[in-house]
A.B. asks: 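My structure is below; once you've seen it, I'll send some questions.
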There are 2 protein chains.
Amino acid sequence: MSRPTKLHPDRGDARTRLLTAAVDLIRARGFAATSVDDLCRAAGVTKGAFFHHFASKEALGVAAAWHWAETTTAFFAAAPYHAPPDPLHRVLAYVAFRRAIVSDDITESSCLVGTMVQEVHASAPAIRDACAASIFGHAATLEADIGAAMDDRGIVADWTAASLARQTQAVVQGALVLAKAGDDPALARDSLDHLDRYIRLLFSVAAPVPGGAGESGVRPEALATGLPA
Amino acid sequence: MSRPTKLHPDRGDARTRLLTAAVDLIRARGFAATSVDDLCRAAGVTKGAFFHHFASKEALGVAAAWHWAETTTAFFAAAPYHAPPDPLHRVLAYVAFRRAIVSDDITESSCLVGTMVQEVHASAPAIRDACAASIFGHAATLEADIGAAMDDRGIVADWTAASLARQTQAVVQGALVLAKAGDDPALARDSLDHLDRYIRLLFSVAAPVPGGAGESGVRPEALATGLPA
DNA sequence: CCTCATACCGACCATACGGTATGTTTTCCG
DNA sequence: CGGAAAACATACCGTATGGTCGGTATGAGG
């Protein structure tokens, strides 16, 4: 039962507008530094509407984390890295995709739940758990492909598919921290290159030769973005 | 020209007390969620003293980042991972040391500058730069050992010592994010195990066999903490 | 001992904050 | 068409916030 607002009838209902505003502002400034008034202003909504949809600022934080989980799930489900028939190639294509979507403005490529959870992990358990669900839920989507790749190649190791899936997320999060600190997205890309190298070493697959004429290695990054080069 | 305070003369001067309080509180709650009053209360200092030493809350943030850089530099310089004669063993011992100092209370093992920089990277460039100096300065202390290890083993690669040094920090930061999200320090230890595995694969050194009777692999983690087992 | 800069104290201020109370408008449904 | 419920708007409240200001205590140098 949503309804266009009186002030900005063209921008959809107030709730989703508040959530998208929350994603943008919190990623840029953090949760605590983003005030309810800021959110209302950005969403073109009054304070009354805010507290009609969310019982508190913390409730907005929880909802924003869930909203983030939903939108990113849809985004990655539609991404082209699922195309290769070989599961290992899909995993490598995932890493290449993550690398490709690191934009020049780090805030844009930043992760809402990764930013929030560091701030609130001790003070707001509800938000923390919602962030955890987003991060580990996304990691879980990689687990099947990693596991299948292990089976395909008969790999028995002291690490599990779930553990490596989590490690991809750890590297992504750490890459963003360094990129923000150094104010340079290349730092994040560098980290993801190391992740790519690690996975290739685990599975003993060669990296592509950059200037090579022939095909000497696996190149799942070719379909990283799904866009024509 | 420091001086014991009237209220708590036994706890050193107000400035350092404020800085240590800042490290504790900001790591737990984040920068924005930590008020000046909170800091003064924790440090046992009045507001007047605060703004005598720091022109603004932002200035405190910058000073806290520098303070963090100094204390961690001293801490890691005194750590036992520098002992092995082989530079690669020193690098592996560093990773083992980082793993060993992950305590059960994640907040204690958390990184001040990693937490702060995510919050303020866009809104407070001065704090961001101070955090960057701490992170990349620490990474730089690993560069010589990594470079020497590469030379020793005649490794020519598409990655540099500086890049791998930064990657260790990316993994550490990401490990902390996941540990906070999952409220489980084991997640951080898991990430550092992956980092250990990555470095061993890069340098083609075997991992130790956990239950093995003989010594079949390199075990720099034996001196991880420098404490008797 | 006197002086002076500095360290520290404690009361105060303007404002921005999260949250509430109440009113108005739209939509659904019988 | 009527009415109830939900969506949104507006004015307001108590408090916590970053920051200021005048004052006092302490140590160093002469």
Side-chain angles (χ1 to χ4, degrees), chain A residues 1-22 25-26 28-64 67 116 119-120 123-127, chain B residues 1-22 25-26 28-64 67 116 119-120 123-127:
Chain A
M1 206 190 192
S2 67
R3 174 183 109 193
T5 57
K6 196 201 286 179
L7 280 69
H8 299 272
D10 49 322
R11 291 172 55 195
D13 65 305
R15 191 187 140 89
T16 53
R17 266 157 57 187
L18 282 166
L19 288 174
T20 53
L25 292 186
I26 296 174
R29 313 178 191 176
F31 180 74
T34 303
S35 73
V36 174
D37 285 309
D38 287 339
L39 291 165
C40 293
R41 211 172 304 130
V45 157
T46 60
K47 224 168 185 180
F50 183 101
F51 285 100
H52 172 73
H53 289 289
F54 308 103
S56 64
K57 192 191 173 187
E58 180 175 345
L60 176 274
V62 174
H67 179 71
M116 258 202 303
E119 273 190 81
V120 304
S123 52
I127 299 179
Chain B
M1 208 190 189
S2 67
R3 174 182 111 191
T5 56
K6 196 201 287 181
L7 279 65
H8 299 272
D10 50 322
R11 290 172 57 194
D13 64 305
R15 190 188 141 87
T16 54
R17 266 156 60 190
L18 281 166
L19 288 175
T20 54
L25 293 185
I26 296 173
R29 313 179 191 176
F31 180 74
T34 303
S35 73
V36 173
D37 285 308
D38 287 339
L39 291 165
C40 293
R41 211 172 303 131
V45 155
T46 60
K47 224 167 186 179
F50 183 101
F51 284 100
H52 172 73
H53 288 290
F54 308 104
S56 64
K57 192 191 173 188
E58 180 176 345
L60 176 275
V62 174
H67 180 70
M116 257 202 303
E119 273 190 81
V120 304
S123 51
I127 299 180

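Computed over heavy atoms, backbone and side chain alike; hydrogens, waters and symmetry mates excluded. Lettering of chains follows the sequences in order, A, B, ..., and the numbering in each one begins at 1.
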A.B. asks: What is the distance, rounded to the nearest whole Å, between atom CZ of A:Arg41 and atom P of C:dG18?
C.D. replies: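 So the CZ-P distance, A:Arg41 to C:dG18, works out to 11 Å.
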A.B. asks: With a 4.5 Å cut-off on side-chain heavy atoms, are B:Asp38 and B:Arg29 touching?
C.D. replies: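 Touching, per the 4.5 Å side-chain cut-off.
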A.B. asks: Just to confirm, is there a sub-4.0 Å distance from OP1 or OP2 of C:dC8 to any side-chain nitrogen or oxygen of B:His52?
C.D. replies: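 So the side chain of B:His52 is outside the cut-off, no N or O lying under 4.0 Å from OP1 or OP2 of C:dC8.
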A.B. asks: Roughly how many Å is it from CG in A:Leu18 to C1' in D:dA9, rounded to a whole number?
C.D. replies: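 Between C1' of D:dA9 and CG of A:Leu18: 13 Å.
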A.B. asks: With a 4.0 Å cutoff (strictly under), does any side-chain N or O of A:His53 reach OP1 or OP2 of D:dC8?
C.D. replies: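 Result: yes.
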A.B. asks: Nearest whole Å is fine: how far is C:dC17 P from A:Leu60 CG?
C.D. replies: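 Computing the A:Leu60:CG to C:dC17:P distance gives 15 Å.
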A.B. asks: Base, backbone or nothing for each nucleotide of nucleotides 18-23 of chain D, written B, S, -, heavy atoms under 4.0 angstrom, 5' to 3'?
C.D. replies: BBB---
A.B. asks: Is the closest side-chain heavy-atom distance between A:Phe54 and A:Arg15 below 4.5 Å?
C.D. replies: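 Yes, close enough: below the 4.5 Å cut-off.
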A.B. asks: Provide, to the nearest angstrom, the distance between the CG atom belonging to A:Asp38 and the C1' atom belonging to D:dT17.
C.D. replies: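 From A:Asp38 CG to D:dT17 C1': 15 Å.
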A.B. asks: Just checking, B:Lys57 and B:Phe50: is the charged tip under 6.0 Å from the six-membered ring centre and within 45° of the axis?
C.D. replies: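 Verdict for B:Phe50: no cation-pi partner in B:Lys57.
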A.B. asks: Rounded to the Å, how far apart are B:Asp13 CG and C:dT6 C1'?
C.D. replies: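 Atom-to-atom, B:Asp13 to C:dT6, this comes out as 13 Å.
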A.B. asks: So B:Leu60 and B:His53, do their side chains get closer than 4.5 Å, heavy atoms only?
C.D. replies: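 Counting from C-beta outward, B:His53 and B:Leu60 never come under 4.5 Å.
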A.B. asks: Kindly give the heavy-atom pair with the smallest separation between A:Glu58 and A:Ala126, and that separation in Å.
C.D. replies: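 Scanning both residues, the minimum pair turns out to be OE2-CB, 3.7 Å.
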A.B. asks: Nearest 0.5 angstrom please: B:Arg41 CZ to B:Lys47 NZ, how far?
C.D. replies: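 These two atoms lie 9.5 Å from each other.
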